Every structure is written in C-alpha cells, then in structure tokens.
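First comes the structure, then the notes that go with it.
Atoms considered below: every heavy atom in the structure, side chains included; atoms not considered: hydrogens, waters and symmetry mates. Predicted model, so just to flag it, every value in this text is computed and none were measured.
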Amino acid sequence: MGKLGKKARKFAKKKLQCVMRNNRKFKSRFKHKAASVNKKCRIGKSDSLSSEQHFEEKSVDNTIDAAAFSNCLDNIYGEDDVDLMENGSEDESIVLQDSDCPYISDVELDNDKDSSEHAALSENNKDIHIKIVEKKQKLDRLLKKVPKFSKFLESRRADLQKSKNEDDSDDEGDTNYLNGVSTSEEHLNNRRVINSCTVDLWCWLVIEQPEGPALSNLLNVFQAACFYGFDSDEGQLHEFSDKKVFSKVLMFVLSEADGIFCKLLGVADSCSKASILKSMNTSEWENVRPFLRSYLKSCLLLLNQVTDGQILIFILSRIKSSIAFFAAFPSLTEFLIKILVHLWVTGEESLALCSFLVVREIALKLHSNWYDSCLMKTYKAFIGHSKFFEPGNHKKMDFLQNSIVELYSLDLQISCQKVFVSLQQLANILSQTIKTMKKDELKKIHNWQYINCISLWVKFIVCNIKDHDLQRLLSLSILIINGIAHLFPGLRYLPLRFKCVQMLNQLSFSSGVFIPVASFIFDFLDHNENITDTTRVKSCDFSSVLKVPKHLLKSCKFQEECIFSAIELLSAHFSQWRYHISFPELSTIPLILFKRFHEKLNNEAFRRQVKRFIDQVEQNKEYIERKRDVLSFSPGDHAAIDSFLQMEKSGCDCSFSKYYDSIQENSRSRIAQT
C-alpha cells in the first residue's frame, strides 16, 4: 500500500481520532446494518437449501438413469444454465455504506491549491450581489412613485401564473421523463470519486480494525470495480479517479479479503468446510454473511468478464484460497463451477490447469455436496469438446482426459457408478448400431466423440484397477472395444482398429487379463497386395484420423504407417506375455502370417523391419520352448504355471524387451516428425 501524502496523513489522523473515539458506536452500527440485510437474505435459508440439494440429487440420478438408455452422448446430463445476475434476490448482494467512514474528497486534498481561485470567485459573487441589491432598490422607488405600474406588474404575474398552470397540465404526460432526467442528474451528482488517498486510508483501517466501518465501503468500491464494463454505469455510486486506484482496490481486496473474513469469523486461515459451517451458527456469522457474499459474487462477476490469461490465473488463485467460504452459498458455488469448467475446456495450458485445480479443490473441500456436480459438468464439457478433433490437438485432449481421470479417482465409490452408466450408454449405442447397421447409426460410432469417450474410461480403468475391484467396468469396456473393431473391417478403417488394439493392450497390461488382439491387425496383411507406390504424400498419421481417404490407400506412406503400427502393437502384446508358458502357441499364427507377408514385400526397408520382428519373436519362442522342455509339472498345475520364469519376469535384460524399447523410441520419433 502506497504511503499517504502529507496532507492526506494529517487529514486521516484527524478522522481516525474520531473513529477510535466512537469505536463502540461503529461496532453496534456495523452489526445492526449487517443484521438488517442478513435478515432479508436468510428467510427460509436452511429449509430451501436442504430441499434444493435433495431435489438436485434426485433429478440428477433420474437424468443419468434415463440417459444410459439413450442413443445420444449429448443427453448424458441435462442442461445446467446458470445466470449469476438472475440468481438470488437483489437484497442479498447489497452492502450498506457507512456514512461515518472517513472519506477524503478531491476538494479537501486540493484545498490549498484552489484557495486563491476560491477567493477570487467569492469577490466576484460579492460584486454581483451588490448590483442586484441596487437594482431592487431602484425598482421599489419606482413602484412607490407610479402606483399604476405596480397594478400592471400584479396583473402580469397573474397571467404568467395562469399560463404556467396550463402548460403544466398539457405536459402532464412528460412528467415521468422529466423526473427520470432529474433523478439521473441527481444520481450523477451524488457519485463519490474514489481517489488513491481514500483507498489507502480504508485499506489501513480494514487491516487494523476489520469490524470497523471501512469494510463495507471498501467492498462497495470493490463491487463497483468488478461491475465496471459489465452493465451500464448509471447504477454505480462510485467512480475512480484513475486506473491506478482501480487496480489498487482490486489487488488489495483479492489479496487480503480471505484473511480478513477468517479473522472476523474467528477461524484459521486454512479453514475447512466444517469450520465454516460451524461458524454459521455463531453471532459473528450474522454480521459477516452479507459482506462475504458480496465479495464472492463480485469475484465471480470479475472472473466471468476478464479475458487476460494472467489476470484470470491470479483471480483463480485467490478464489482457490476462499473455496471453503462457498460452502455457505450454493448458488454461487454452482456458478463458479460453470465458469471453471468453461475455462478448463477452452483456456490455454496454464489457465486450463489452474481452473482444474480449483475444480479439484471444490471436489475435495466441498465433497459431499458438490463432488457429483464437478463430475457431471466436467464430463459433459469433455463430450462437447471432443466432437471435433484437429491434428495438433492431441496434447489438449490428453490433458482433458487426464484431468477427468484424476477427478473421478478421488472417490471411486461415487464415480464408478457414473462411469458404469456412461459405459452402458456407449454399449447401448453400439448394440443399436449392430442391430440396424444403418449409415446414420454407424456415424454415431465412427466419430471422435464416441472414441474419445471410450478412451477416457479406458484410462480411468488402467489407473485404478490395480488397487480397486473394477471387473464390471473392465468387462464392459472390452466388450465395447471388440464390438467397434469387428464393426468396421477393411483397410480404410485400420486407424480405428489400431486404436482399439491399443486400448485393449492397455487394459490387458494393467489388469493382467489376456485379451487376444492379433486378429484385428491381420486384415492389412491379407490385403497388402493391393498397395503400390503410385501416390506420394508427405505423411499419413493414424493418430489423427479414424478413416483413411481413398487416395491414400495406395501410397507408400500408408503402407509404411500400417507396417510400423502393426509391428508396434503386436510387439506390445507379445512383450506382456513374453515369459508366459503359452507364448509359443500365442505367436505361432502371427509368425506364419508375417512370414507370408514378408515374402510378398518388395520394399527392402520394409522387409528389414518385418524380418527383424519375425526373428525377435522366433528367438523368444525358442527360449520359452527350451525352458518348457525341462519342466516336470502338468498343464493343470496353475500355481506352477504362474511361477514359471518368475525370476526372469522381474528383469529387463531379455532380447525381446530391448527390441520393444527400440520400437517405442522409433514410434515417438516418427510421431514427432509428422
């Protein structure tokens, strides 16, 4: 806070002495005004809150159950439009000003500067007054000398009064307009210009004496700053002398309000939801509530209209420290979640991360009431954002998926049911498509929105299945992915099928369940004779497409991407089971098909890649067969089978493991080049 000027300090000292003498009077007035506002705000508060929450929970459950059987992902959750300006009564946002709070006007600050001008103006007024008195004396003497002139003036006054009355009756329809103009002018005249010295004084008073009269005035000025540009300025009682004063008000209130309210409520700075709810039963809460609500609502208005990323991040960081206060204001919490989810989906990297951290803070601190809302709104926003996919949008989509997985992983007892409902909906859409096989139904499956949703829940299962029982989700997701892969055969759908194989590999590796995937890649090997190097393209990235354009099917780049993707996915599959006792049987058919494919290849570079893969698989197959030949237990001894090559599994020195690491490195470099 900047230093007060010499004159301002002198004036502030005089005002402050008055404040301190009447400290008790201010306290009682503070409590009386806060209680009067709060009385209007909280009529039926407890009953309405409990009924609202019960209704919300019931309606949400019904919506999800119905959506599970619908054929549109957009209907998974109902609409949740919230308007902050229409939410709650106007009385709840009113903070009464305290006229006893010291105010340093520009006139008082500039008193010395304008003293000479004021003296000159007073002298001029004195001269004019003397001239008017002289004219009036002359008129009185004339009236005494000429009585008829006096009668003439009286008659003219009567005519003028009559004419004025007639004009007033004719213009009666315009009185509202005239009154409006005068009211507006009167309102403009009553505006207070807030200067730097006044703000400095109020800030100092609020820090030294939070329960004093300065808090209400400062919050009113803060509200005016947050409303700036939001609506017409006619309703504002304050205006700022310059932009520095505007910034000073915002910075001080955002930085210090959290600590001030904690001090007024008598709670720790790192307060929790429980401590806030407990303080709601105290007498201090009745006084602080209207001021706290005004501050939180003003923050949301500011957050909803600022566009600069760095300013938004600062506001979010301050709101995050005040999350516990939102427990007392459900309508504001709902609007806050809506703003945060929007910024999370549409904001750039740092802003999106900061927004998600605040959502996560709400889910943690206000868990019982708002965790469901956070889950639903983030997933609904993700569905809307994943409709369209751009080649350079991988990083953003991964961030959104990882954010939702982290949020849903906070409480699996609640979130697993919602994940199962979403998977049920995906399964119902797939089942309806398989029954009809209509073109419109197929489009519901073959789109980024559907694929991103199943990919999201695969990540959720992969992250949590080792520590929790998610077999129901695992089985349903495997069923859906297998159905997608079988529904779209042919070369043009190889990118989609490869994505399905990738998800199945992830599920198999995390759960330890064997999932056969090799058959989904063999279509490419069977149709390879139709591919010739007749079309030259720069690249063909399977990660950014679901269906290959026809003109790329005969390109060398398409053939290269197919070979490398097939080798990468099969290597990942074989790497998981490389020490399993049944690896020779698992690799037999893929080896036969790849050897036939190798014989048909004409490109020497491709032939080397395929030959290396065949050699590595055969080498691992022979190793397992040698180890298996010296075994003495029967195939029915499951305990012995599970312990087969247990020591080797913990190491990474085998040849196939090193080969798979090199395949992954080549895949990353290939993706970086596209």
Short question: side chain of [X], backbone of [Y] - any donor-acceptor pair under 3.5 Å?
X: S247; Y: K244; result: no
X: N304; Y: L300; result: no
X: S431; Y: A427; result: no
X: K320; Y: S355; result: no
X: Q664; Y: A572; result: no
X: S477; Y: L474; result: yes
X: S294; Y: P290; result: no
X: Q449; Y: I383; result: yes
X: Y408; Y: L375; result: yes
X: Y371; Y: L407; result: yes

Which heavy atom of [X] sits nearest to which heavy atom of [Y], and what is that distance?
X: A352; Y: K396; answer: CB-NZ, 3.6 Å
X: V206; Y: I260; answer: CG1-CD1, 3.1 Å
X: I315; Y: V306; answer: CD1-CG2, 4.2 Å
X: I194; Y: W202; answer: CD1-CH2, 4.1 Å
X: Y450; Y: L426; answer: OH-O, 2.6 Å
X: K263; Y: P210; answer: CD-CG, 3.7 Å

Given side chains that start at C-beta, do those of [X] and [Y] come closer than 4.5 Å, heavy atoms only?
X: L487; Y: L442; result: yes
X: C354; Y: F314; result: no
X: Q209; Y: E211; result: yes
X: L340; Y: L316; result: yes
X: W285; Y: L265; result: yes
X: Q223; Y: L301; result: no
X: T378; Y: S403; result: no
X: Q401; Y: F460; result: no

For the [atom1] atom of [X] and the [atom2] atom of [Y], what is their distance to the nearest 0.5 Å?
X: K499; Y: S455; atom1: NZ; atom2: OG; value: 9.5 Å
X: L546; Y: Y493; atom1: CG; atom2: OH; value: 10.0 Å
X: L400; Y: N452; atom1: CG; atom2: CG; value: 9.5 Å
X: C203; Y: L215; atom1: SG; atom2: CG; value: 11.0 Å
X: Q506; Y: I465; atom1: CD; atom2: CD1; value: 12.5 Å
X: I429; Y: I480; atom1: CD1; atom2: CD1; value: 9.5 Å

By salt bridge (Lys or Arg N to Asp or Glu O under 4.0 Å), which residues pair with [X], not counting sequence neighbours?
X: E348; answer: none
X: E256; answer: none
X: D398; answer: K459

Quiz item: Of F325, F326, F261, which is the lone residue that meets ring-ring contact (aromatic ring centres under 6.0 Å, His included) with Y295?
Solution: F261
Exercise. In sequence, state the C-alpha distance, the side-chain angles, and the governing distance for V358 and S317, and then conclude on side chain to side chain contact (heavy atoms under 4.5 Å, CB included).
Key: CA-CA 8 Å; V358 181; S317 66; over 6 Å; no
List in chain and number order the residues that pass side chain to side chain contact (heavy atoms under 4.5 Å, CB included) with [X], two or more places apart in sequence or in another chain; answer none if no residue qualifies.
X: S508; answer: I515, Q576, W577
X: S565; answer: F498, F542, E561, R670
X: H342; answer: T346

Quiz prompt | Derivation of the side-chain hydrogen bond (donor to acceptor under 3.5 Å, both in side chains) call for S667 and E568 | solution = CA-CA 8 Å; S667 174; E568 179 187 352; 3.1 Å; yes
Practice problem: Could you check N482 against F520 for side chain to side chain contact (heavy atoms under 4.5 Å, CB included), going step by step and ending with a plain yes or no? | Solution: CA-CA 9 Å; N482 277 318; F520 295 133; 3.2 Å; yes
Practice problem: Start with the C-alpha distance between I481 and L507, add both sets of side-chain angles, then the distance that settles side chain to side chain contact (heavy atoms under 4.5 Å, CB included), and finish with yes or no. | Solution: CA-CA 11 Å; I481 296 170; L507 292 173; 4.0 Å; yes
Exercise. Check the pair S415 / L412 against side chain to side chain contact (heavy atoms under 4.5 Å, CB included), numbers first and verdict last.
Key: CA-CA 5 Å; S415 62; L412 268 69; 4.2 Å; yes
Quiz item: Does atom CZ of F420 have more than 12 heavy-atom neighbours, drawn from other residues, nucleotides or ligands, at distances under 6.0 Å?
Solution: yes
Practice problem: If the plane angle is over 60° it's perpendicular, under 30° parallel, otherwise tilted; pick one for F356 and F399. | Solution: perpendicular
Exercise. Report yes or no: do S422 and W457 form a side-chain donor-acceptor pair below 3.5 Å?
Key: yes
